[in-house]
Amino acid sequence: MKIEDYALIGDCQSAALVGRDGSVDWLCWPRFDSPACFAKLLGTEEHGHWRIAPAKPHKSTRRYRGCTLILETEYETEDGAVTVIDFMPVRTENPDLVRIVVGRRGRVKLDMELVARFEYGSAVPWVTRLPDRKGIRAIAGPDKMLLRSPVALHGENMKTRASFEVKAGDKLAFDLTWCPSHYPDPQVLDADRALAETEAHWRTWCERCSPPAEWADPVLRSLITLKALTYAPTGGIVAAATTSLPEKIGGVRNWDYRYCWLRDATITLLALMNGGFQEEAAAWREWLVRAVAGTPEQMQIMYGLAGERRLDERTLDWLPGYEGSKPVRIGNAACGQLQLDVYGEVMDALYVGCKTGLSGSDAAWDLQRALLAHLENCWTEPDSGLWEVRGPARHFTYSKVMAWVAFDRGVKSVEQYGYEGPVERWREVR
């Protein structure tokens, strides 16, 4: 499956990639940066996936339902047509991934295969049937996954399978959920209610947007995708939902992007603020103040979803990588690099926040002053730059330009919004 053949669904705490063939090939629970329970994206079917698709040859088309992250895939076979609706409900406690199969025409036979593999495909769970025999429970170490199914399931070669038929008018809901293995089994989910609430959630969020008329649909779809990469509990914003997708097929520059880069987050925020979404900017500003808290010298270029600083990097040798691109990495050693441009990006995002109506924050301004005081003493140093080079530090033009931006936005914040600071000194440094 090519990367362009995947669609993203998520609940603003984690995300899944669904292929055109009906297979969920990437999913990390309960957070974006948790170990994957479906890792076929970076390996083989044996490393975890969940597929529901017609048993016979078929054609497929797909779309998102309006301005939501609800994915609808239409399958056409010689015997009929079905729709598979994939979504992750707005989370209240435990994460869920729901797949609803709806019969549209004729009678269609479908196959389902669930290969649950925790710890990035390395841990085969112990699988048992639920007491009501309407699903299975898979446990390995700290993880527990339940599949509640409206059709009979059977085990085969460490996989859970089913074959079933859907006729016009039928609706079958499959719910996959996760919780810590020592917790009681989660309550049964009302799939129809969860679908309605998820659709209402996304439509309500999109009503706050005023995209340009000429490009309304692609702009709104892009903003929905950016929103899906926000981590609701803390306000952090991940750079991507995946790890180790290569910069070049077969190459070794395969990095873990499931963390909160200051640079990437500020660019995301600029897009969201331009679209009218101030709440995300306010939440990220609070996240930033918490994450960076401490001495400015210790500010990192990235953090974990809650502001974690240790993002130790290691390789997963049992995964062959996307199209053979090894190594597969988790964690990111670049968190310890000096990248001077992030100061400018952070200062610019907070300045634009003021321009777009974000209310002032004394804590955020105190942080900005401290960062500029530190930047004044280090902007002349070589750094790892925008490209996060892992060789010797160098002098990058972009880094110096963005250091200029940092002081420029400090000056403008004083001039335009009445903040207090050594503006004459900042002008001189600028």
Side-chain angles (χ1 to χ4, degrees), residues 3-20 24-34 36-38 41 62-73 85-92 94-99 176-178 194-195 197-209 211 216-243 245 256-261 263-284 287 302 304-306:
I3 190 62
E4 60 265 30
D5 292 323
Y6 287 103
L8 177 81
I9 59 175
D11 61 3
C12 294
Q13 294 192 44
S14 61
L17 295 184
V18 186
R20 288 187 181 276
V24 181
D25 290 348
W26 182 254
L27 175 62
C28 298
W29 266 344
R31 304 187 348 167
F32 290 106
D33 59 351
S34 297
C37 51
F38 298 148
L41 178 71
R62 61 182 181 173
R63 63 183 180 275
Y64 286 107
R65 178 182 291 187
C67 55
T68 75
L69 266 187
I70 299 169
L71 181 68
E72 298 180 332
T73 304
I85 304 170
D86 293 321
F87 68 100
M88 295 175 70
V90 178
R91 196 179 304 189
T92 54
N94 301 299
D96 290 271
L97 196 165
V98 180
R99 315 193 74 179
L176 191 69
T177 186
W178 177 97
L195 177 61
E197 290 177 348
T198 301
E199 181 172 4
H201 168 82
W202 283 106
R203 291 190 182 281
T204 299
W205 184 81
C206 290
E207 287 174 357
R208 293 157 46 196
C209 182
D217 290 341
V219 167
L220 188 55
R221 176 52 52 190
S222 296
L223 291 171
I224 291 170
T225 304
L226 294 177
K227 173 63 175 176
L229 296 177
T230 62
Y231 185 63
T234 66
I237 302 174
V238 297
T242 53
T243 180
L245 294 181
D256 193 345
Y257 288 109
R258 299 171 300 156
Y259 303 114
C260 303
W261 265 257
R263 178 192 304 112
D264 297 66
T266 59
I267 297 170
T268 297
L269 284 175
L270 293 176
L272 288 169
M273 287 189 292
N274 287 335
F277 298 103
Q278 295 293 314
E279 290 182 12
E280 289 74 12
W284 180 81
W287 172 90
M302 75 177 91
L305 302 178

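Please read these numbers as outputs of a predicted model, since none were measured by experiment.
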Across all chains, not counting sequence neighbours, the ring-ring contact (aromatic ring centres under 6.0 Å, His included) partners of Trp261 are Tyr257

When every non-hydrogen atom of Lys227 is compared with those of Cys12, the smallest separation belongs to O-SG, 3.4 Å

| message | Checking the side chain of Ser14 only, and the main-chain atoms of Phe32 only, is there a donor and an acceptor separated by less than 3.5 Å? | response | no

Do side-chain atoms of Arg203 reach the backbone of Thr198 as a donor and acceptor pair under 3.5 angstrom?
no

>> Under a plain distance cut-off of 3.5 Å, with no hydrogens placed, do Trp205 and Glu280 share a side-chain donor-acceptor pair?
In response: yes

For Leu69 and Leu8, the nearest pair of non-hydrogen atoms, with its separation, is CD2-O, 3.5 Å

Output for pair (Ile9 CD1, Ile85 CD1), nearest 0.5 Å, gives 12.0 Å

For Cys67 and Cys206 the tightest heavy-atom approach is O-SG, 3.3 Å

For Pro211, the side-chain contact (heavy atoms from CB on, under 4.5 Å) test, sequence neighbours excluded, returns Cys209, Ala216, Val219

side-chain contact (heavy atoms from CB on, under 4.5 Å) filter on Ser222, not counting sequence neighbours, yields none

Across all chains, not counting sequence neighbours, the ring-ring contact (aromatic ring centres under 6.0 Å, His included) partners of Tyr64 are none

Worksheet entry | Test item: Trp26 side-chain N/O and Ala241 main-chain N/O as donor-acceptor pair under 3.5 Å | yes

Here the pair of heavy atoms bringing Met88 nearest to Ala16 is SD-N, 4.0 Å

CG (Leu269) and CD (Gln278) are apart, to the nearest 0.5 Å, by 10.0 Å

For Leu245 and Leu41, what are the C-alpha separation, side-chain angles and deciding distance, and is it a side chain to side chain contact (heavy atoms under 4.5 Å, CB included)?
CA-CA 9 Å; Leu245 294 181; Leu41 178 71; 4.0 Å; yes

Output for pair (Leu176 CG, Leu97 CG), nearest 0.5 Å, gives 6.5 Å

All heavy atoms of Ala265 vs all of Trp284, minimum pair found to be CB-NE1, 3.3 Å

CH2 (Trp287) and OG1 (Thr234) are apart, to the nearest 0.5 Å, by 7.5 Å

Walk me through it: do Asp264 and Ile237 pass the test side chain to side chain contact (heavy atoms under 4.5 Å, CB included)? CA-CA 8 Å; Asp264 297 66; Ile237 302 174; over 6 Å; no

By side-chain contact (heavy atoms from CB on, under 4.5 Å), Asn274 pairs with (sequence neighbours left out) none

Looking only at heavy atoms, the pair that brings Arg62 and Gly19 closest together is NH1-C, 3.8 Å

- Item | Val98 backbone acceptor or donor facing Asp96 side chain under 3.5 Å | no

Arg65/Leu195 under side chain to side chain contact (heavy atoms under 4.5 Å, CB included): CA gap, chis, key distance, verdict: CA-CA 11 Å; Arg65 178 182 291 187; Leu195 177 61; 3.9 Å; yes

Under a 3.5 Å distance rule, please check whether Arg258 uses its side chain to pair with a backbone N or O of Leu305 as donor and acceptor. no

With sequence neighbours left out, the residues meeting ring-ring contact (aromatic ring centres under 6.0 Å, His included) with Tyr6 are none

